[in-house]
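What follows is a short report on a single structure.
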Amino acid sequence: ASAVDLVVVIVGNGAVGKSSMIQRYCRGTFTREYKKTIGVDFLERQIQCEGEDVRLMLWDTAGQEEFDAITKAYYRGAQACVLAFSSTDRSSFEAIHSWKVKVEDECGEIPTVLVQNKIDLVDQCVIDPKEAELLSRALGAKLIKTSVKEDINVNAVFWYLATQCLAE
Ligand code: GDP
Ligand code: MG
């Protein structure tokens, strides 16, 4: 059987861990080095999901308003979306709604997951578990808490999106 291609966009404010998540998932590596992403790039990984070969193409977007014009064009054609914020950054949490609107404007309603990253930084967490849950319900998007650093739940994010897309 031929592979199913799925294009996934990962959006959210700068420094929440989007590039790290893509690296972790596709290359199995993590680095502390912070590089501000310029423009857009993608990595891919093939998985077996419900008997299908699924090729996930993960698009990395800048996450900076100044690159809005570039990144918007790449949302087009995306079949699934990761909305990412950081446990340690309230403004990244508050920006989730506007990221969702931006993706929806280009893609319509697509399978979406809300990711709270950096859960390893327990002492620096500024997000109440209840408000994360409320946001998840308001968006109608499943909440998955991850640590890209400790490799917690990263696979689950993309597995969930793949199953949602295959079910459509
Ligand atoms: P992006 O701007 O959203 O692409 O964020 P990056 O992937 O560049 O990550 C920003 C910084 O957060 C980097 O220094 C990463 O090493 C760090 N980082 C990413 N994920 C985690 C995590 O789960 N835990 C911790 N402690 N640091 C993380
Ligand atoms: Mg980046």
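What's counted below: heavy atoms across the whole structure, side chains too, no hydrogens, waters or symmetry copies. Numbering of ligands and ligand atoms starts at 1, following listing order. The structure presented is a predicted model; accordingly, all values stated were derived computationally and were not measured.
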Original post:
Based purely on interatomic distance, does A15 place a nitrogen or oxygen under 3.5 Å from a nitrogen or oxygen of ligand 1?
Top reply: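 Yes - when backbone and side-chain N and O of A15 are compared with those of ligand 1, one distance drops under 3.5 Å.
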Subject >> Polar proximity ligand 1 side, G17 side, N/O cut 3.5 Å exclusive >> reply: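 Right, the criterion is met.
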**OP:** Could you tell me which residues satisfy side-chain contact (heavy atoms from CB on, under 4.5 Å) with L121, sequence neighbours excluded, listed by chain and number?
**Re:**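 L121 satisfies side-chain contact (heavy atoms from CB on, under 4.5 Å) with T88, K118, Q124 only.
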Original post:
Considering only heavy atoms, does T31 approach ligand 1 within less than 4.0 Å through its side chain, its backbone, both, or neither?
Top reply: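 Only the backbone of T31 comes within reach of ligand 1.
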Subject >> Mode of V148 contact toward ligand 1 - side chain, backbone, both, neither (heavy atoms, under 4.0 Å) >> reply: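 Both backbone and side chain.
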Original post:
So, S19 and the Mg ion (ligand 2): N/O/S under 2.8 Å, yes or no?
Top reply: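 S19 does place an N, O or S atom closer than 2.8 Å to the Mg ion (ligand 2).
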Hey, looking at [atom], which of [options] has the closest heavy atom?
| atom | options | value |
| --- | --- | --- |
| atom 20 (N) of ligand 1 | D89, N117, T146 | N117 |
| atom 26 (N) of ligand 1 | D120, D60, V16 | D120 |
| atom 12 (O) of ligand 1 | K118, Q116, K149 | K118 |

Do any N or O atoms from the side chain of [X] and from the backbone of [Y] form a donor-acceptor pair under 3.5 angstrom?
| X | Y | value |
| --- | --- | --- |
| Q79 | V7 | yes |
| R45 | R55 | no |
| T112 | A141 | no |
| T146 | V154 | no |

Contact atoms of ligand 1, heavy-atom distance to [X] under 4.0 Å:
| X | value |
| --- | --- |
| L121 | 26 (N) |
| S20 | 6 (P), 7 (O), 9 (O), 15 (C), 19 (C) |
| S147 | 23 (O) |
| G14 | 2 (O) |

Original post:
If you take all heavy atoms of A132 and L114, which pair is closest and at what distance?
Top reply: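 So the two residues come closest at O-CD2, 4.1 Å.
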Original post:
Below 4.0 Å from any atom of ligand 1, is there a heavy atom belonging to I152?
Top reply: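 No.
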**OP:** Begin with the C-alpha distance, continue with both residues' side-chain angles, and end with the deciding distance and a verdict on side chain to side chain contact (heavy atoms under 4.5 Å, CB included) for I10 and L58.
**Re:** CA-CA 7 Å; I10 293 132; L58 309 186; 4.0 Å; yes
**OP:** With K102 as the cation and Y75 as the aromatic partner, state whether NZ or CZ is under 6.0 Å from the six-membered ring centre and within 45° of the axis.
**Re:**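 Verdict for Y75: no cation-pi partner in K102.
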Original post:
What residues, two or more places apart in sequence or in another chain, satisfy ring pair (Phe, Tyr, Trp, His ring centres under 6.0 Å) together with F30?
Top reply: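 So F30 forms no ring pair (Phe, Tyr, Trp, His ring centres under 6.0 Å) with any residue.
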